[in-house]
Amino acid sequence: MVRRKPVLKKRSAGDPLINNEPMKAIRIHEFGGPEVLKTEEVPVPEPAADEVLVKIYATSVNPVDWKIRDGQRKERFPVNLPLILGWDVSGVVQQAGNAVRNLKPGDEVYGRPDPTRNGTYAEYITVRANELGKRPLSIPHTQSAAVPMAALTAWQGLFDHGKLQQGQKVLIHAASGGVGTFALQFAKWKGAYVIGTTSGKNADLVKALGADEVIDYKNEDFEDKLTAIDLVFDTLGAETQKRSLQVLKAGGRLITTLNPEYKEEADARDIFLEGFTAQSYPDQLEKIAQLIDEGRVKPVIYKVMDLEEAKAAQQESQEGHVSGKIVLEVVRSVAPLN
Ligand SMILES: NC(=O)c1ccc[n+]([C@@H]2O[C@H](COP(=O)([O-])OP(=O)(O)OC[C@H]3O[C@@H](n4cnc5c(N)ncnc54)[C@H](OP(=O)(O)O)[C@@H]3O)[C@@H](O)[C@H]2O)c1
């Protein structure tokens, strides 16, 4: 059977009926390197009863974007192809499904949509309303787009899984990364003693975000310098995770954003080792927005690129040395369709 391509009607200015009209999106049709990212026109999706349609002003790049792109996360995030990549959104609600009670058209929102569904490298997305919160209004979309996935991961890692308390000692690995820059600030806000690992070029940034101690991983071994740590927040995995067991006190916690690979060794030292996948909770998004609006926490923006530069942005993220976040601006960078 020959499948007909959907006929995309062009949008005219002021026309509120946008579903099924064309929008720009960066999609993949197969797993692979950056070359599989394609800029395409696809229909604006229609929200289901529990969803909202969000006009995307900006999105940001997370390592999971290129991990899903190259196929290494098929089991954890089973996706259908073709797929729009990207799972951070900052934008404005355009339409709300019948069952949505917490959001309405015009609301400025942000969040981390479900990574098993079409993502945010696009002009519009439909998102379950219970995955979004009101965005911090003191910063532009190009900054609030940097927040959801990284900040939720930091929050849940430190507080929900790590049980971090005031006065405890926490070691945050890759403290200059997307997740690490939020984790540092949240841990300081909580009143913890914070140690961060990064390389020398980022030491000033990590100190400015509140680290009490910075360890330059290129010149020092953290396990030679630290003991009696209450919590290690691991965003690097592998050997770093294993070596982290040595610095924790008995009864301490090792929380990882990657695979918890050393359960046996952790058990032998009476250390609680756990991995987790961050979830998008509106109450946490709104608490984080409040901390940002109060000036207690800020996203660290490495650079703002155009949506259509997603390929270069992913390549840079994949090199592993971005400090803070790469943002993709959608509204300014996509020419209006008329
Ligand atoms: N489980 C979840 O729900 C979840 C959610 C978000 C992220 N993650 C995962 O968590 C990891 C971190 O994410 P991210 O967004 O923070 O990554 P990222 O922003 O790409 O991290 C880059 C940072 O890591 C630092 N770094 C690299 N090697 C290091 C080392 N050996 N020691 C200390 N710092 C080092 C780099 O500093 P230099 O430039 O100085 O080297 C750079 O600033 C990724 O693997 C991601 O997939 C998981």
Side-chain angles (χ1 to χ4, degrees), residues 59-70 72-73 75-77 85-88 111-116 131 145-158 160-162 171-186 195-207 209 211 213-223 225-226 232-244 247 254-261 274-281 284 299-303 313-327:
T59 177
S60 76
V61 177
N62 293 286
V64 76
D65 302 3
W66 47 262
K67 291 180 185 179
I68 289 180
R69 184 206 70 212
D70 71 17
Q72 60 172 287
R73 283 292 186 272
E75 281 176 21
R76 198 157 164 198
F77 300 114
L85 296 184
W87 290 279
D88 265 327
R112 190 237 48 183
D114 183 344
T116 63
E131 291 176 318
V147 176
M149 184 177 301
L152 288 163
T153 305
W155 187 275
Q156 290 163 27
L158 294 176
D160 296 349
H161 301 274
L171 169 62
I172 296 168
H173 286 303
S176 50
V179 176
T181 47
F182 283 107
L184 269 179
Q185 297 178 78
F186 293 153
I195 305 140
T197 63
T198 184
S199 69
K201 69 178 163 55
N202 296 316
D204 288 345
L205 168 73
V206 168
K207 272 189 207 137
L209 293 174
E213 280 180 56
V214 181
I215 297 180
D216 173 358
Y217 74 89
K218 291 197 170 160
N219 291 307
E220 299 165 295
D221 288 329
F222 63 86
E223 65 273 34
K225 300 194 71 179
L226 304 174
V232 175
F233 187 39
D234 165 39
T235 60
L236 293 164
E239 275 302 296
T240 302
Q241 188 183 106
K242 189 175 186 186
R243 288 161 54 207
S244 295
V247 305
L254 173 46
I255 303 300
T256 182
T257 60
L258 298 157
N259 280 338
E261 291 176 62
E274 187 181 57
F276 73 102
T277 298
Q279 305 299 317
S280 195
Y281 297 132
Q284 292 183 353
V300 176
I301 309 300
Y302 181 69
K303 72 168 68 154
Q314 285 201 352
Q315 280 170 314
E316 196 156 3
S317 166
Q318 201 159 357
E319 283 164 16
H321 299 291
V322 168
S323 40
K325 300 275 312 187
I326 298 179
V327 170

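Whatever order the structure lists ligands and atoms in, that order sets their numbers, starting from 1. Predicted model, so just to flag it, every value in this text is computed and none were measured.
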Which of the numbered atoms in ligand 1 are under 4.0 angstrom from any heavy atom belonging to V322? 22 (C), 23 (C), 42 (C), 43 (O)
Non-hydrogen atoms of N62 versus ligand 1: any pair closer than 4.0 Å? no
Short N or O distance, L236 and ligand 1, threshold 3.5 Å exclusive: no
Using distance alone, determine whether N202 and ligand 1 share an N or O pair under 3.5 Å. yes
Have E261 and N259 got a donor and an acceptor in their side chains that come within less than 3.5 Å? no
Considering distance alone, does some N or O of F276 sit under 3.5 Å from an N or O of ligand 1? yes
Report, in ascending order of atom number, the atoms of ligand 1 lying under 4.0 Å from any heavy atom of A278. 2 (C), 3 (O)
Restricting to heavy atoms, the pick from F222, Y217, F182 nearest atom 32 (N) of ligand 1 would be Y217
How close does the nearest protein non-hydrogen atom get to atom 16 (O) of ligand 1, and which residue and atom is it? V179 N, 2.9 Å
For a 4.5 angstrom cut-off between non-hydrogen side-chain atoms, does T153 reach F276? yes
Less than 3.5 Å between some nitrogen or oxygen of K67 and one of ligand 1, yes or no? yes
Inter-residue atom distance L226.CG - D221.CG, 0.5 Å rounding: 11.0 Å
Nearest 0.5 angstrom please: K303 NZ to I301 CD1, how far? 13.0 Å
Find the distance between CG (L205) and OG (S323) and round it off to the nearest 0.5 Å. 6.0 Å
Mind checking whether V179 and F233 have side chains closer than 4.5 Å, heavy atoms only? yes
Judging by distance only, is a nitrogen or oxygen of S199 under 3.5 angstrom from one on ligand 1? yes
Give the residue and atom name of whichever protein heavy atom lies nearest to atom 36 (C) of ligand 1, and the separation in Å to one decimal. G320 O, 3.4 Å
Please write down residue, atom name and distance for the protein heavy atom closest to atom 5 (C) of ligand 1. T153 OG1, 3.1 Å
Considering both backbone and side-chain atoms of L258, is one of its nitrogen or oxygen atoms within less than 3.5 Å of a nitrogen or oxygen in ligand 1? no
Contact partition for K325 relative to ligand 1, non-hydrogen atoms under 4.0 Å: neither
I'd like to know if the side chain of N62 and the backbone of V64 have a donor-acceptor N/O pair within less than 3.5 Å. no
Between ligand 1 and A150, can you find any atom pair, the residue atom being a heavy atom, that is separated by under 4.0 Å? no
Hydrogens and angles aside, do Q284 and Q156 bring a side-chain donor and acceptor to less than 3.5 Å of each other? yes
Given 3.5 Å as the limit, does a donor-acceptor pair link the side chain of D88 with the main chain of M149, or not? yes
Flag G180 as yes when one of its N or O atoms lies below 3.5 Å from any N or O atom of ligand 1, and as no otherwise. no
Determine whether the side chain, the backbone, both or neither of T257 has a heavy atom under 4.0 Å from any heavy atom of ligand 1. both
Hey, could you give me the CZ/CZ distance between R243 and F222, rounded to the nearest 0.5 Å? 4.5 Å
With only distance considered, is S176 within less than 3.5 Å of ligand 1 through an N or O on each side? yes
Distance from atom 18 (P) of ligand 1 to nearest protein heavy atom, with residue and atom: G178 N, 4.0 Å
Report the member of A174, G324, A238 with the shortest heavy-atom distance to atom 24 (O) of ligand 1. A174
From R73 atom CZ to E75 atom CD, the distance as rounded to the nearest 0.5 Å: 10.5 Å
Here the salt bridge (Lys or Arg N to Asp or Glu O under 4.0 Å) pairs for residues 172-186, sequence neighbours left out, are none
For R76, counting its heavy atoms only, list the atoms of ligand 1 lying under 4.0 Å from any of them. 1 (N)
How close does the nearest protein non-hydrogen atom get to atom 11 (C) of ligand 1, and which residue and atom is it? T235 O, 3.3 Å
Lys/Arg-Asp/Glu bridge criterion (N-O < 4.0 Å) met for K225, E213: no
Atom 39 (O) of ligand 1: which of Q318, K201, Q156 has the nearest heavy atom? K201
From the candidates G275, G177, P63, S60, the one that places a heavy atom nearest atom 15 (O) of ligand 1: P63
Is any side-chain heavy atom of L152 closer than 4.5 Å to a side-chain heavy atom of F182? no
Is T240 close to ligand 1, meaning an N/O of one under 3.5 Å from an N/O of the other? no
Working to the nearest 0.5 Å, report the span between CD of Q315 and CH2 of W66. 12.0 Å
